[in-house]
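Each ligand, and each atom within it, is numbered from 1 in the order the structure gives. Predicted model only: the values in this text are computed from it and were never measured.
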Amino acid sequence: MKILVTGGAGFIGSAVVRHIIANTADEVVNVDKLTYAGNLESLASVADDPRYRFEQVDIVDRAALADVFFRHRPDAVMHLAAESHVDRSIDGPAAFIETNIIGTYTLLEVARAYWNELGDSGRERFRFHHVSSDEVYGDLDGQKGLFSEQTPYAPSSPYSASKASSDHLVRAWQRTYGLPTLMTNCSNNYGPYHFPEKLVPLMILNALEGKPLPVYGKGEQVRDWLYVEDHARALYTVLTHGEIAETYNIGGHNEKRNIDVVHAICELVDEMRPASYGLTRPASSLITFVADRPGHDLRYAIDAGKIERELGWAPEETFESGLRKTVAWYLDNLDWCRRVQDGSYRGERLGARA
Ligand code: NAD
């Protein structure tokens with residue numbers, strides 16, 4: 001298969017690209033605009049592989065996208081490109097509307113035009129896999145249940161509203177035009193190559209540097225945490241074995257309060273940090289409670305029973321094993337972190353593209 005991956009330079013997209021190149025015989029065309037969240041240094045291990053290609057394209061740019069489709073002739077699309085940070089969506093929703101809604105619409109239209117021109121066997125084989133979030137289901141505050149594939153949508157933030165909109169478009173393109181789509185809604189991911197503005201890497205790096213560990217409100221928010229490589233494996237499983245028009249929820253069976261996640265990170269940093277870091281007090285003493293995010297959902301929790309029963313996928317990492325791997329990865333890759341933090345990863349792009 002030749003798979004066109006959008007957003008392949010991001011956190012999850014790069015894990016998907018590395019997974020496909022390392023574990024399958026498939027080819028990948030990575031279509032990424034390279035926003036602040038796109039980092040080609042996360043793809044260093046595959047950059048020279050003859051089965052990997054990179055195209056710097058904005059998914060809102062219909063002509064450029066069509067050119068990529070008709071030049072590369074993919075068998076499938078995995079759509080991960082998105083603006084993904086809730087705090088940024090509160091400060092500036094426009095980019096979220098543009099990329100997550102207009103970009104998904106543009107991608108659907110280009111994919112539909114391309115699919116319509118394929119021969120019978122190509123049309124039969126083609127898949128459009130839309131990667132979405134559990135945040136579209138809204139807040140489980142005060143409720144015991146879990147999100148299922150039937151849970152009504154009730155997004156709370158500009159980010160989750162824009163993802164919900166894109167999910168509706170994908171569903172409509174399947175129902176109306178017959179485009180062979182698949183959809184997945186996943187819980188919070190953590191793991192290597194995560195941009196340091198997100199909770200887990202931010203806490204690891206601040207703890208290492210002896211900086212405050214900012215926790216929203218009282219840290220009571222509950223999220224279901226999934227190791228990113230388990231997510232990448234789930235996505236490939238759905239692409240290759242999922243039923244057309246179906247949605248699969250993906251989660252890690254790891255409901256944790258943010259404050260407990262931060263304490264677990266602190267313990268690992270205390271245990272694993274090199275002596276040269278010289279922090280003499282426990283990392284947890286750096287925890288600082290800050291004003292809560294507006295509209296902050298209290299609890300998300302996923303029922304991943306359908307993908308487990310129907311497609312045989314299950315997470316391989318527990319929260320404990322995945323978090324230990326993650327802290328170890330950050331300690332071993334401080335150079336990658338430093339280059340993100342000082343912005344030099346963006347300067348590398350010209351060289352990487354040449
Ligand atoms: P990310 O922010 O790390 O990466 C997004 C990537 O998309 C970047 O490489 C960026 O350059 C690219 N991009 C942004 N706008 C683009 C545009 N207009 N055209 C082309 N490329 C563009 O995001 P992530 O955390 O890797 O998330 C990937 C997908 O998974 C998103 O759709 C997100 O909604 C979804 N998701 C994320 C999580 C999570 O915990 N991170 C959980 C569930 C679902």
Visitor: Does ligand 1 have any atom that is closer than 4.0 Å to a heavy atom of S187?
Guide: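 Judged by the 4.0 Å heavy-atom criterion, S187 does count as contacting ligand 1.
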Visitor: C186 heavy atoms, cut-off 4.0 Å: which ligand 1 atoms fall inside?
Guide: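 Listed by number with element: 42 (C), 43 (C).
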Visitor: With side chains defined as the heavy atoms from C-beta onward, is the minimum distance between F319 and D260 less than 4.5 Å?
Guide: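 Contact flag for F319/D260 side chains = no.
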Visitor: Does at least one non-hydrogen atom of Y159 fall below 4.0 angstrom from an atom of ligand 1?
Guide: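 Contact check Y159 vs ligand 1: positive.
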Visitor: Ring centres under 6.0 Å, that's the criterion: do Y153 and H168 meet it?
Guide: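 Ring centres of H168 and Y153 closer than 6.0 Å.
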Visitor: Say whether A81, considering both its backbone and side-chain N or O atoms, lies within less than 3.5 Å of an N or O atom on ligand 1.
Guide: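 No - when backbone and side-chain N and O of A81 are compared with those of ligand 1, no distance drops under 3.5 Å.
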Visitor: Is the shortest distance from a heavy atom of V57 to ligand 1 less than 4.0 Å?
Guide: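 Per 4.0 Å heavy-atom rule, V57 contacts ligand 1.
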Visitor: Taking the non-hydrogen atoms of T6, is any one of them nearer than 4.0 angstrom to ligand 1?
Guide: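 No, that is not the case, since the closest heavy atom of the residue is not under 4.0 Å from the ligand.
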Visitor: So for S132, does at least one of its heavy atoms come nearer than 4.0 angstrom to any atom of ligand 1?
Guide: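 Yes, S132 has heavy atoms under 4.0 Å from ligand 1.
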Visitor: Could you tell me whether D134 approaches ligand 1 through its side chain, its backbone, both or neither, with non-hydrogen atoms closer than 4.0 Å?
Guide: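 Neither; no heavy atom under 4.0 Å.
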Visitor: Just distances here: any N/O of I12 and N/O of ligand 1 closer than 3.5 Å?
Guide: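 By distance alone, the answer is yes.
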Visitor: Ring centres of Y114 and F70 under 6.0 Å apart?
Guide: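 They qualify: ring centres under 6.0 Å apart.
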Visitor: Does the pair T240 and M1 meet the rule for a side-chain contact (heavy atoms from CB on, under 4.5 Å), with working shown?
Guide: CA-CA 10 Å; T240 49; M1 260 200 304; 3.7 Å; yes
Visitor: Answer with side chain, backbone, both or neither: which part of K163 has a heavy atom less than 4.0 angstrom from an atom of ligand 1?
Guide: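 Only the side chain of K163 comes within reach of ligand 1.
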Visitor: For a quick check under 3.5 Å, do Y52 and N30 share a side-chain donor-acceptor pair by atom type?
Guide: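 Short answer, yes.
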Visitor: What atoms in ligand 1 come closer than 4.0 Å to a heavy atom of A9?
Guide: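 Taking each heavy atom of A9 in turn, ligand 1 has 9 (O) under 4.0 Å.
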Visitor: Is it the case that more than 12 heavy atoms not belonging to D120 sit under 6.0 Å from its CG atom?
Guide: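 At most 12 heavy atoms, drawn from other residues, nucleotides or ligands, come within 6.0 Å of this atom.
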Visitor: Quick one: does N188 get a heavy atom under 4.0 Å from ligand 1?
Guide: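 Right, N188 reaches ligand 1.
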Visitor: What do you reckon, are the aromatic ring centroids of W329 and Y193 less than 6.0 Å apart?
Guide: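 Judged by ring-centre distance (under 6.0 Å), W329 and Y193 do meet the cut-off.
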Visitor: Could you tell me if R88 sits above the aromatic ring of Y36, with its cationic atom closer than 6.0 Å to the ring centre and no more than 45 degrees from the axis?
Guide: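 Judged by the rule, R88 and Y36 form a cation-pi pair.
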